[in-house]
Amino acid sequence: MNINIEKLILEGMPISPSQARLLQAKVESELAKLLANKGLPDNLLSGGVVPGGAIQLKPGTNPAQMGQQIAQEIVIKMLGEKS
């Protein structure tokens, strides 16, 4: 499975470039893991866009934990589940 995150906007999150790379890597790896377990929805099998939205991150969360939480919320949106 190839996952490409075109844009991830983090408003109000002061993170360094190295933390941003860690965050991106964690989002991509967590997405791959979750989608391998749950499967990709039929409407995204040939590609597509997942709608964005606001995610409330817990205070004091490190970049790896943020990436995991963001990936979980993306999968919820992809599968049409409620968070």
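Everything numeric in this text was worked out from a predicted model, so none of it was measured.
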Working for side-chain hydrogen bond (donor to acceptor under 3.5 Å, both in side chains), residues Gln69 and Glu73: CA-CA 6 Å; Gln69 187 179 349; Glu73 291 293 327; 5.3 Å; no

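In this structure, Gln65 CD and Ile70 CD1 are separated by 12.0 Å, a value rounded to the nearest 0.5 Å. Here CD of Gln68 is found 8.5 Å from OG of Ser29. Values are rounded to the nearest 0.5 Å. In this structure, CG in Leu40 is found 12.0 Å from CG in Leu34, a value given to the nearest 0.5 Å. Rounding to the nearest 0.5 Å gives a distance of 9.0 Å between CD of Gln19 and CG of Leu23.
The salt bridge (charged side-chain N to carboxylate O under 4.0 Å, His left out) search around Lys33 returns Glu30, not counting sequence neighbours.
Pairing each heavy atom of Met66 with each of Thr61, the nearest pair is N-CG2, 3.4 Å. Between Leu22 and Pro63, the closest heavy-atom pair is CD2-CB, 4.0 Å.
Using a 4.5 Å cut-off on side-chain heavy atoms (C-beta onward), Val27 and Ile74 make contact.
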